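For reference, the structure discussed in these notes is given below.
Predicted model, so just to flag it, every value in this text is computed and none were measured. Here is the naming used below: chain letters follow the sequence lines, and residue numbers restart at 1 for every chain.
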Amino acid sequence: MHGKPLSFVLLSLLLAPLLFGPTGCVESGGNAGTPPAEEEDLSVKMTLSESDKIHFLRRTQFAFTPADLQRLNTLGYGPFLADMMDLQVQPQLESDALAASVADADFPGEQELARWWLYLMTHNQNPFQEVLAMFWHDHFAASTNVLAAEARFWEFDHINLWRQYGTAKLDELLYRMTTDWLMLEWLDGVRSTKNAPNENFAREFWELFTLGADNGYTQGEIIEASKCFTGYRTRLIADRAGPGRDQLVVEYDGARHNNNSKTIFGKTVAGNGQQEYRDMVNLTLANRQVAEFICRKLWEYFVYTSPSQALVDELSRGFRATYYDLKLLLTRIFQSKAFFSPRAKAGLVKNPVEHVVGFQRATGLLITPTRSDNALIDIGQRPTQPPTVNGWPSGTFWTSSQGLLERANSLRDSVYYRNEAPQAGYDVSTLLQPGATQDFQVVTRCAWILQVALNTAQFNECIDYLNTDRNGAGAIISQPWDPNDPVQREKKLRGLLYILGNLPTYAIR
Amino acid sequence: MKTIKAIGSESRRNFLRVAGAGAGLLALGALSGKDMPFGKPIQATPLANHKRVIIINMLGGNDGLNTVFPTTGAVATKYQTKRPQIAYLPGQGLSLTGGPNVPDYELNPALVNVQSMWNAGDVGIVYKVGYPQQNLSHFVSEDIWSWGARGGPLALPGVAPGWVARYANAYASTAMGVVSIGVGRRLDFEGAATSPVLVSSLGAFNFDTDYNYSSNHVLRLAKVQAILGQQPTGDLAGDIAAAQLASFAGSAAVQSAIADYTTYATANSIAYPTNPGSTNLTSMGSRMRDVARLIYGGFDTRVFYTGYGGFDTHAGQIAAHTSLLTTLDEALAVFRTDMQTMGVWNDVVIVVISEFGRRSYENGSLGTDHGHGNCVLVLGGPVNGGLFGGISSTDMDAEHLPYDTDYRDIYRELLQDHLGNNPAAIFPETQPTSNIPNLI
């Protein structure tokens, strides 16, 4: 029908490392040799291959794009890392995001808040800022669904806490978290008083945020800790945002604080007013389990699941030695040989946000934040609204039948809404390399952009797609690929990206 | 491992139905039973004598003490004293003197329709349900319920971690044998050999088309399926491909069942509860309707798992708890009518669980903190109505209600006497006490 045979087979063989990698790698046996196995090796990998760099970009930037790769090559790995860890405020981006999604920043709606962050995720030139913020949002999970209209503006500061302090010292991040207004509302801190301390925050502070379940604390200590976490309250301030525009704020009221001395981890916490929030952070950080808990969680998110205890010990030793400097910890992880080991590259399941945002960033097929939000509600991961304080599930929890079907539907949105503002006028063929527009070159290029692995049979199905169509009567007809036909370009390039985005390897990062 | 076949010409036909284009051209009669990989027969008819269990999980820790509360004697006085602002007084709830006649307790005033079912002898209330060494963490406790083992997967070497998965592997290994609706991929399903169907709602279980090129989009979907069928098995990508293929087959079967059910429900004026001032169904209204749709569609599901959240009532409990129980009550009422209309009310048992109860005394925020023993409601045509166990005055002295019925004993009873399956292999962990309530 459309001559291809030999050249494609040859091409597929030549491209094998690309087409089958990085997820086609076989995990090595890992015998206990004298030098640490590569997957356990935290020493710096000095020379990075292109596949290493792409692996790094896919793990940290929502998606791989050729432009990011070029920038990494120009800057060098060290400076690129330093750049992305620097979570400075970007005034233009911040104001664009607000303008694009929020009508009244003093009284945002729940949907507007989700759209605001999704705009940032799809547009930030430093996507790592949002990837890491999403990590902390999942870890210190709190939802806007408990906020009244007068309080919803708190969410800006809440999300910006993760966006701006995600690479700070852990004690700073924890202290700001304990006194964050949404967190105080979400886990009943604003209702925890001198005579009626509420255990909710104290329990989750240790169980989910710092130590891990039943890991070094008792029910009695939870009660003691809940006394430290007392004193904040909400207050409605009339006309705070203008006439008739009352807003709710959170304030510390010393009279509501339980200032008795408490005994926690065998130490006495003297009555110290609001300072006890810091005392609790410091007392908790004196437990080495915190470093292990955080290191393991970061490792499992960015590198691979179930790291050995020896590796976690080694990583957390360094974390404690640097006084809990998250920037140094993340840098160490991303520079390590283990990060680039076959086990790390064997693949983690993308969470839905990475899937939806990543496809847009990789292909330029942007959809409105509203559509991204709707897609993520369907798949079950709406940013700003984690289901519980335990955050979202991870890994293969996301590969349910319907979750995968909804992922397909979010890709459908990206290929379908071509006339809406975010992509109106966008020529999808700019993804192709000039002069490389034959069918096999198109499939190869698009597979590279989405970093999916195709075997020969799958590759040939894609070629077949480009060279056929389905007529109105439902018959499959021959229609040789013509890159100069604008209708075919639109229809089939979008279709090809949809097909490739539905490959199982696209669901893996 | 996975039992999903590669998509060939048969499922291609299913897929064309779901894609919409050309659906009218396909005669349903052309599909034989084996063409329907999801076990759904051509004619939408509920399976006869097919016993089912529906689990409703109240996530967050339901306050059992305020769901079914004591009204007489020292136990009632202590209940009122320990909860001066949130206790219900005698007469404020709904009497249980109808049907099985239990004069010492009342039902939460929101459970109006549950009271009617109680009067008909269709409700069992099991009090003081829990497990050894109650854990006060939502997540650990939920996991313990999901594992069906206090010791977790370590106590069950070599078998699936989730008890629903163990059940599916032993007794319901078809594609739709166990189904989760609206509560995500729960740990209960972990380890099922057949990729379980876990949907947020049935209506969303459908592939959207690209209206700019809808005919071409059918081709795209066909290519996706062809490519998935060529994915090697045995690794993560292979597992994902299998689940994707299941989503193609499943959505076709489910969408046809929805259409069938809609015709039936309209003809019989069955309407699930909506949110105030809206045409949208309530959370539990929507989920119970989805259960009904699958039952009507003739799917062979044995265990449905659904639920809703919001029960972590640390503060301002009364209003929130009333609203939550009303949501349940209204949905159960329509569901019962629905099942009776289909003639299968005597085949279904609903069990309403929660990861733990709440503290016996109220806290300073008009709420209650995490507790231990709890009450579990069991509803359905086959149920022996009545109260199983109860709270003593000594129980009320404690900070936490103790437990005297292990939650697994309820599941054992449902498996043995309702589903007709031996529960021994599903709950193999040794437990300190066993006290199986005669619910069925």
Side-chain angles (χ1 to χ4, degrees), chain A residues 23 188 191-193 195-196 198-200 203 207-208 213-214 219 346-347 349 378 380 387-388 390 393 396-406 408-409 412-413 415-416 418 453 455 457-458 461-462 464-465 468-472 474 476 491-492 494-495 498-499 502-505 507-508, chain B residues 16 21-22 25 59-60 135-140 180 184-185 195-200 204-213 215-220 222-224 226-228 230-232 235-241 243-244 246-248 250-251 309 312 314-315 363-365 367 369-370:
Chain A
T23 49
D188 298 307
R191 285 168 289 277
S192 185
T193 60
N195 296 320
N198 190 305
E199 293 170 22
N200 204 8
R203 177 186 309 284
E207 177 185 329
L208 296 177
D214 298 327
Q219 170 63 20
V349 176
D378 286 342
T388 72
N390 199 22
T396 53
F397 276 82
W398 288 121
T399 55
S400 73
S401 306
Q402 190 187 9
L404 293 165
L405 179 148
E406 294 297 351
N409 285 343
R412 191 291 307 229
D413 289 352
V415 302
Y416 167 49
R418 60 185 176 135
N455 60 35
Q458 292 170 327
E461 291 287 354
C462 294
D464 191 55
Y465 170 73
T468 49
D469 199 2
R470 182 177 178 280
N471 67 19
I476 310 298
K491 176 165 61 183
K492 291 183 177 174
R494 285 168 183 271
Y498 175 84
I499 291 168
N502 275 296
L503 257 75
T505 45
I508 298 171
Chain B
L16 286 174
L25 302 174
L59 295 160
N135 190 297
L136 286 183
S137 151
H138 293 291
F139 311 103
V140 175
S180 162
R185 178 168 185 146
S195 181
V197 172
L198 315 158
V199 298
S200 67
F205 201 44
N206 202 358
F207 284 90
D208 297 335
T209 188
D210 174 353
Y211 295 100
N212 296 324
Y213 311 108
S215 189
N216 188 265
H217 199 75
V218 177
L219 185 56
R220 297 171 188 169
K223 285 297 178 199
V224 170
I227 284 173
L228 293 175
Q230 288 150 351
Q231 186 69 31
D235 62 2
L236 177 60
D239 289 349
I240 293 174
Q244 286 178 284
S247 73
F248 275 95
S251 75
D312 195 16
H314 285 278
N363 63 22
S365 325
D369 295 321
H370 305 176

With sequence neighbours excluded, what pairs up with Asn409(A) under the side-chain contact (heavy atoms from CB on, under 4.5 Å) test?
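Only Leu405(A), Glu406(A), Phe207(B), Asp208(B) meet the side-chain contact (heavy atoms from CB on, under 4.5 Å) criterion with Asn409(A).
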
side-chain contact (heavy atoms from CB on, under 4.5 Å) partners of Thr193(A), counting only residues at least two apart:
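Result, side-chain contact (heavy atoms from CB on, under 4.5 Å) vs Thr193(A): Ala196(A), Arg256(A).
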
Could you go through the side chain to side chain contact (heavy atoms under 4.5 Å, CB included) check for His217(B) and Arg412(A) one step at a time?
CA-CA 9 Å; His217(B) 199 75; Arg412(A) 191 291 307 229; 4.0 Å; yes

Spacing of [X] atom [atom1] and [Y] atom [atom2] [to the nearest 0.5 Å]:
X	Y	atom1	atom2	result
Arg418(A)	Asp210(B)	CZ	CG	8.0 Å
Asn135(B)	Glu207(A)	CG	CD	7.0 Å
Leu503(A)	Leu228(B)	CG	CG	7.0 Å
Ile508(A)	Asp235(B)	CD1	CG	7.0 Å
Arg220(B)	Ile499(A)	CZ	CD1	7.5 Å
Asp369(B)	Asp188(A)	CG	CG	8.5 Å

Proximity breakdown for Leu59(B) and chain A, heavy-atom pairs closer than 4.5 Å:
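Contact with chain A: none, neither part.
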
Per-residue contact mode, Tyr213(B) against chain A (heavy atom under 4.5 angstrom)
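Side chain only.
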
Does Thr399(A) form a side chain to side chain contact (heavy atoms under 4.5 Å, CB included) with Asp239(B)? I'd like the steps, not just the answer.
CA-CA 9 Å; Thr399(A) 55; Asp239(B) 289 349; over 6 Å; no

Main-chain N/O of [Y] paired with [X] side-chain donor or acceptor, under 3.5 Å:
X	Y	answer
Ser215(B)	Asn471(A)	yes
Gln458(A)	Ile227(B)	yes
Gln244(B)	Leu404(A)	no

Could you go through the side chain to side chain contact (heavy atoms under 4.5 Å, CB included) check for Thr209(B) and Tyr416(A) one step at a time?
CA-CA 8 Å; Thr209(B) 188; Tyr416(A) 167 49; over 6 Å; no

Please classify the contact of [X] with chain B as side chain, backbone, both or neither, using a heavy-atom distance under 4.5 Å.
X	value
Arg203(A)	side chain
Asn198(A)	side chain
Glu461(A)	both
Ala457(A)	both

For Ala237(B) and Pro504(A), work out which heavy atoms get closest and say how close.
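The pair with the smallest heavy-atom distance is O-CB, 3.3 Å.
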
Largest heavy-atom contact set with chain B, pairs under 4.5 Å, which of Asn390(A), Leu208(A), Asp378(A):
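Sorted descending by pairs with chain B, the first entry is Asn390(A).
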
Apply side-chain hydrogen bond (donor to acceptor under 3.5 Å, both in side chains) to the pair Asn216(B) and Tyr465(A), showing each step before the final yes or no.
CA-CA 9 Å; Asn216(B) 188 265; Tyr465(A) 170 73; 2.5 Å; yes

